[in-house]
Structures are given as C-alpha cells and as structure tokens.
Amino acid sequence: MATAEGVVLEARGITKTFGNHTALKGVDISLRRGEVHALLGENGAGKSTLIKILTGAYTPDAGVISLDGQPVSFATPQQAQALGIGTVYQEVNLLPNMTVSDNLFIGRQPSAFGLVNRSATDDLARKVLSQYGLDIDVRAELSTYSVAIQQIVAIARAVELSGKVLILDEPTASLDRHEVDKLFEIIRTLKSRGLAIVFITHFLDQVFELSDRVTVLRNGFRIGSEPVAALDRTGLVRMMLGKDLVHHHNGPVEGEPDGGDLLMSVRQLGLTGSVQPLDLDIRKGEVVGVAGLLGSGRTEMARLMFGIDVADSGALHIDGESRVVRSAREAVSLGFGFCPEDRKADGIFGDLSVRENIVIAMQARLGWFRALNRDEQLEIAGNFIEALDIRTASAELPVKLLSGGNQQKVILARWLATDPRFLILDEPTRGIDVGAHAEIVRMISRLREDGLALVVISSELDEIVSYSSRVVVMRDRALVAELHGADITPARIVQAIAGQGVEGAA
Amino acid sequence: MNPRYRPLAATTLIFIVAYGLCIAQYPAMWSTRVLGNFLTDNAFLGIAAVGATFVIISGGIDLSVGAVVGLAGVLSAVLITTLGLHPLAAFAIVLVVAASFGAGMGAAIHFLRVPPFIVTLAGMFMARGVASILTQDSIPIDHEFYRTISGLYYRLPGGGRLSAIGLLMLLVFLVGGLIAHKTRFGSYVYAIGGNQTSAALMGVPVGLTTIGIYALGSFLGGLAGIVYSLYTSSGYPLAAVGMELDAIAAVVIGGTLLTGGYGFIFGTLIGVMLQGLVQTYIVFDGTLSSWWTKIAIGLLLFMFILLQKLVFSAQGRRPRMQKAPA
C-alpha cells in the first residue's frame, strides 16, 4: 500500500452499520507524524463511531486500517493501545478513587515476589508527570485534583502506553481558558515529539489555533480533509452544516414585529461555565429560532429558561414580574413545556403506553390527589392522537414501538395537554423521516398561529428559516446575533455562527 | 489527614473510647483473657469478613458467606466422621470446593451480567440446601487432631489465651491486607470498585478479577466454616445463619464504602472487634438481653453510613461531569 510521507495511521473506506442505520459510509482519514488533525462534525455525523473504530472499541463492517503501512485490525481497545493508539475520552476515564500513580501504572506497577513496590511506582509516576510540567503529590487520590490535571494524567497515561497516535475526544469541553492554554502547550510538545494527534472539538477557535489539518464528517460521509491554512471560518461552518449559500428558500415568516404581548424577558441570564449572560425577549405568537453549532450553549440556554439548571446571574421576567425558576416543576406550573433533544434518554417513557406518556405532565400538574381516571385519560389521549395525527395502533401501545416522528408527536402532545403558554423544542426534527419532518414543521407554525410562544433549537438552517419569526445565534456559549425579517437566511446564519457576520454580508 | 482515612480513624477512635468506657464500668474487661477470648470467639466471623471486604471494595456483595460457612462445617464433619478422612485432607477438599463455588458465582456475575445480589442469593440457598441434604442434624467431630488444634494456644502475659483459631484470624487479616494494598490483584479490586468501565478501558482484567474476588470470598467462607467446626467440634447445617450480614456490618463499620472503591482490611478487624466488644459487655452486665447486641450494631451501622456520607460530601467530590448537551 502506498503511503504518503509521514503517515502513521491510515483508514480507507471505513463503513459501519448499526441495524438499518449506516453511521459511516466509506470514510477515509490519514494521520501524519507530528501533526494535529482536527475532526469535526455535528451530532450524529459519525465522529465518535470513527474514533471507536480507530481505537478498537468497534470493528468496521468494511474498510482497511493500516499502521505504518501495515494493515492492522484490533478487536479491543487494549490491542489498539498495544499497537500504539491511545485515547483520552471526554469524560476522563480514569479511577477517581485511586492515587495518581495507580492511575498511571495500574497493571504495570514495578513489583517483586508478587508485591507491588509502591515507592518505585511513585518515583516513576513523578518522572512521567514532570515531562508535562506537573509537580503534584502522586500519592493523593485522583479525585482531589481538577479536571484539567486529571486530563493531563489521562494524556500522560495514553502516551506512556501507546506513543504513536493520541486521540483526544473533546479534551477542552470543561476547562477554563487558562487550563486550555496549558493543555495546548502539552499537545504542541507531544506533536514536536512526533506523535500523530487527533483532536475533536466544537470550538472553531481552537481548531484554528491548534490544528494543522481538518477532516469534516457529516451524516456518515467525509465531506473534506483540508490543511487548516487553506480554510476560513465560513468555509468550515459551511462544510459542517452542509449549507450551500446560494440556497433558495421561502422567505422568513411574516411575523408582526413586536406585535404580540411580551411573555418572558431574559436579562443578563447566565450560568458560569454553561452560558454567558444573555438578553432575550419572547412574545406570544412568535417562534424564536435558535441556531448554533453543537456545544455553542443553545441547549444550556433552554435548560436555564426551563429551570433544569438554575442561573447564577441575571433575571427572568415573566408577565412583567421578576421570577426565579428553580426547577422544571416550577416551570411546568408557569405553563412552560420542554421537549428535550435526546428524546430516548430524556423524553419518552419507552415501556409506558402512548396514553400514559401523553397524560403524565398533565397529571404532574394536577398533583397527587386529583388522579385522572382511565376514561378521562383515554379521552385526552384520543383527542391528541387525532389532532396531531399520531400513527399508533392503539393508545395502549408502548411508545417505544412507535417511529421517531410519532414519538416526537407524543412528547409534543404531552406538553400541549398541559395547555402551555410557552414551549421549548430542542431539535424537534432530529432522526425522523422526511414526511414526519414536514408535519412537525407545519405543527410548529400552527402552534404559533394559536398564540403560543415557542423557542425552537435546530441545526437544520432551512427549517429554522421557514418557521422562525426571529433567529438568535449562539456561539461559544454566548448569544452573538439576533436576526430579524429579511436577515433570516441560511447564509446570514452561517456567517453569524462563523463570527464573520458583517464583513461576510457585505 | 487524607480524608479517606477518616472513617477508619473514626472506627478506631470509637472502639478505643467504647472499650475505655467498658473498662471504667467493669475493670475486669481490661485483661488479656478478655482480649484473647475476643479473638477466639469472633475468629470465624473475622475470617469471613475479610472475604466480604474484598467483595464490597469491588462494589459487589456476597450473601452466601453464612451458608458457605455452614456447608464447609457439615462437609468437614461428613468427610472426617463418615468417610474417615484425615482432617487435613478434609480441609483441603472443603477449601477447594468453597473456592470453586465462589469462582462459579463470580463467573456468573461477570459473564451473565447478573447483579451480585441475585447470584449470591441463589448461592446462599444452594449452599444451605446442600448442607441440609448432607445431614439434618449436628454431626459431632471426635478426632484426635481436632482436640489438639482446639487445645492449642499461646499463653499471653496476664493469663489470656491466644488460641490457634484466633491466631489464624489475625494471620488472615495480615495476608488479606497484603493482598489488598500490596498486590496488583488488590489494585484491580479497588479499580473495579471505583469504576468498572474505566477499569476495563485501562486494561484491568475485569473478568478474572471478579472471579478471583468471589473465589477468595468463598474460600475464606470455607476457612471460616472449618474454624467454626473447630470452635464447636461439630458440623451443623444451620450454623451461621445470617452471619453474612454480621460480616457486611463489620466491613461497613470498619470504614469500607458500600458502593465500592474505598476501604481497608484493617478497618474490618476493628469492625469485628467492636461487635465482639458489645457482646462481651452484655455478658459482663449479665442482665441485658443478648439482643441488645443487635440494637447496638444497628445503631453503629447507621452512624457509620451517616459518617461516610458526611466525609464524602465534605471532601467536595466533583459530581460526575454531565453528558455535555449541545
């Protein structure tokens, strides 16, 4: 196999299918010695599947992986590790209850006659960590150190064990700026030592700051692999979101600007480490679209408004009164509803019936002592099954047997049954088929016409453009732009996400 | 002080204070006689509790220990009196049977992914059932070797007797401590208790270690059964019913975290001694019902679980990083 200069690990034609869902289709990637390779893509693009294949956690259905020009295959992460491929996962996968030196050397402790030599292990650990400029008590438990230090320990461990390829899965997700700088310094040192480094992140700044080459995945395909020097931010965002900037669309919604009554006004609402303080007004009868890349703070903003996370700064005015929403329960009692992004994990009760899933929020609102009897429940469920056209054989079918689009409608019905004033929908059309997609979009417009206030988060720019009265754009955990009227176009949104709003538009 | 030593220090302190209070009331409790009897009377519990400590540090639980103790006693009695084997040969067979029984449970836990609670509950019923099929009655063991071992003791200054089985218990604690804190196997046990998924990703042989942990637990259960038969000179199928719970209580009182990952073998020794102290106090008092032991143990247990909660929340352990939502 012909390999380009300096290529350590090369994967060609990687394909992986789960059930009838193809996660990766013929993806190529090649990693070079002494190069930081950023891997980008939205949720579901196939990043994590690719990483799991490169590290031996999954085996590909098709495709070849070669290491130093030799074809290799590995069935377990240990085998990949032994061949030189080390990984540091986003959630530090170490043992918080054990000491730093145990974490570095577990299973490899120097020992004699079956007894571990602790002081020798500790000395080795100190020596290893000193290469990373870390002088800490290696006999203290890992959990006593900050995430940044745990991250460095994890990197040190991976490099010790492997030493050819280092894969970093969102290493900066929970670090502050200073810690990120320190980490980058370490990554640059490792790069100069000749490691091939894969760097997964959602922060575009970091891609440009650290990486030499970028590979973008979307929907399981490799969209491109380019040297960073040849890219600008807009181009990169376009690759990630798949937006053709001359795309034609059906103009923004004719909302009566500032027409509806003010329902909620958010002033400098923020949570340290989650969302920077932001201002936003939400009126009755309008849809506020929220655009932004994964990790931009869009879901975190929704969680603050719904009281799942409690803000540590700013204020929330509802109907002109200052309110603090401390829990989802309180939000529900104010007439709010929230359809979360991951409906399987956070939304539906898979084993409960359609009827039970629909009435549960309403029952929660009524309280303990006013149980709805079965007939009432059936009537309510029946009404919504009809109104939202939920395709189910009966109201008693377990929800997990329904298609994704119908599950989404069940969650929508659950909130509509509580007669809400304000609904937050997080990625309401993810993972559902085209027909159901159009129906959900229509339903959003209908609810707006009925006078509800909606906040809809979506990565589908065409979709946001088609139903939003206003669009706000999130980037790096801050609200960076609010687009009105004729400005609501996919092109403007992409520019705002990339942070090149004004210049790009001119 | 490193916060992980706090529960251990608390247990030790409580033991010392409690013993001091007992002595203040009954000065006769301060004697090597009483101390020696502590060790002898709780030898079987202590040995089984060492096994339970490993299981609990790994985040598991073993409900079969009491039944294994009963089975080991009956099996020893049957092998020695009915089949006429030399006790040492019988002991070897019993220990191999017990260890394989535990290894089987460990394998079921690992390969079939059944929770340890269920597997060892099944193991408990099976072991107790087999013991009762072997015999319904208590079988007295009348063998020269048994008399010799039971009679062996080291005379402590002050007239106390450190019996062979008491010494054996101390030895088991010593070896158990070495295994837990000084071997790779020991570090694997803590690793699995800390986070099994991480441990597997870091190359810890989770399957083998799990099998080893439960094999060790049942092996020590078997040894405890042998000690119990030496202590009572008999084998009885309903011996040590519910003893696994005393063992678990000793482990928790000794500062081991029931959710796994933290704990010390030495703490378990203090836990066992505390239980023995309460019993001895009741004997000295003479008017209290022996069920007060259970009440005292219950209170201690409750106190320690509260204490652990306090220590671990004061330590300010970061909550697990949330799945970063978009």
Side-chain angles (χ1 to χ4, degrees), chain A residues 42-43 55 57 76-78 81-82 87 89-99 102-103 105-109 111 114-118 139-144 146-147 150 157 161 170 173-174 202 292-300 302-303 309 340-342 345-346 426-427 457 459, chain B residues 1-6 56-59 174-175 177-209 256-257 259-264 308 311-326:
Chain A
E42 285 288 272
N43 250 349
T55 56
T76 65
Q78 281 83 51
Q81 217 167 55
T87 314
Y89 296 93
Q90 176 184 3
E91 286 185 53
V92 184
N93 263 287
L94 294 177
L95 299 160
N97 63 322
M98 301 190 75
T99 67
D102 280 334
N103 270 290
F105 288 102
I106 191 166
R108 304 179 297 133
Q109 301 102 321
S111 52
L115 296 185
V116 169
N117 185 339
R118 269 197 191 268
R139 307 176 70 140
E141 280 160 48
L142 190 72
S143 63
T144 57
S146 69
V147 179
Q150 296 187 24
R157 182 185 155 82
L161 281 172
E170 291 198 48
S174 46
H202 293 302
L293 295 174
L294 199 66
S296 59
R298 48 187 199 186
T299 297
E300 288 81 350
R303 289 168 65 92
D309 296 331
E341 180 181 19
D342 186 350
D346 304 328
D426 194 354
E427 294 278 5
I457 302 169
S459 313
Chain B
M1 181 172 54
N2 188 327
R4 74 175 141 165
Y5 292 118
R6 266 183 223 155
I56 292 173
I57 289 174
S58 80
L174 192 68
V175 174
L178 275 181
I179 293 176
H181 306 301
K182 284 279 176 188
T183 64
R184 286 187 185 173
F185 175 79
S187 64
Y188 295 158
V189 175
Y190 282 91
I192 291 175
N195 183 335
Q196 186 167 334
T197 319
S198 295
L201 279 174
M202 290 168 75
V204 170
V206 173
L208 268 180
T209 308
T256 297
L257 200 63
T259 46
Y262 296 87
F264 298 92
Q308 286 177 355
V311 167
F312 282 95
S313 55
Q315 207 175 331
R317 293 208 300 176
R318 244 174 303 281
R320 286 202 169 277
M321 250 185 284
Q322 286 185 337
K323 264 191 301 173

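All values reported here derive from a predicted model rather than from experimental measurement. A, B, ... follow the sequence lines: proteins, then strands. Residue 1 opens every chain.
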Exercise. With a 4.5 angstrom heavy-atom cut-off, which part of A/R108 approaches chain B: side chain, backbone, both or neither?
Worked result: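 When you check distances to chain B, only backbone atoms of A/R108 fall under 4.5 Å.
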Problem set entry | Interchain contact, A/E427 with chain B, by part (heavy-atom threshold 4.5 Å) |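 Looking at A/E427, nothing touches chain B.
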What heavy-atom pair brings [X] and [Y] nearest, and what distance separates the two atoms?
X	Y	answer
B/S198	A/L94	OG-O, 3.4 Å
A/N97	B/Y190	ND2-O, 3.1 Å
B/Y262	A/S143	OH-OG, 4.2 Å
B/T183	A/V116	C-CG2, 3.7 Å

For this session: Indicate yes or no for a side-chain donor-acceptor contact from B/R184 to the backbone of A/Q109 under 3.5 Å, with no hydrogens or angles considered.
Result: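 Yes; at least one donor-acceptor contact below 3.5 Å.
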Exercise. Quick check: does any side chain N or O of B/N195 sit under 3.5 Å from a backbone N or O of A/P96, one acting as donor and the other as acceptor?
Worked result: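 No; zero donor-acceptor contacts below 3.5 Å.
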Exercise. Looking at B/S187, B/G260, B/A199, which makes the most heavy-atom pairs under 4.5 Å with chain A?
Worked result: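 So the answer, after comparing B/S187, B/G260, B/A199, is B/S187.
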For this session: Report the C-alpha distance between B/M202 and A/L161 in whole Å, list the side-chain angles of each, state the deciding distance to 0.1 Å, and finish with yes or no for side-chain contact (heavy atoms from CB on, under 4.5 Å).
Result: CA-CA 10 Å; B/M202 290 168 75; A/L161 281 172; over 6 Å; no
For this session: Name the member of A/N103, A/T55, A/T76 that forms the most heavy-atom pairs with chain B at distances under 4.5 Å.
Result: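 That would be A/N103.
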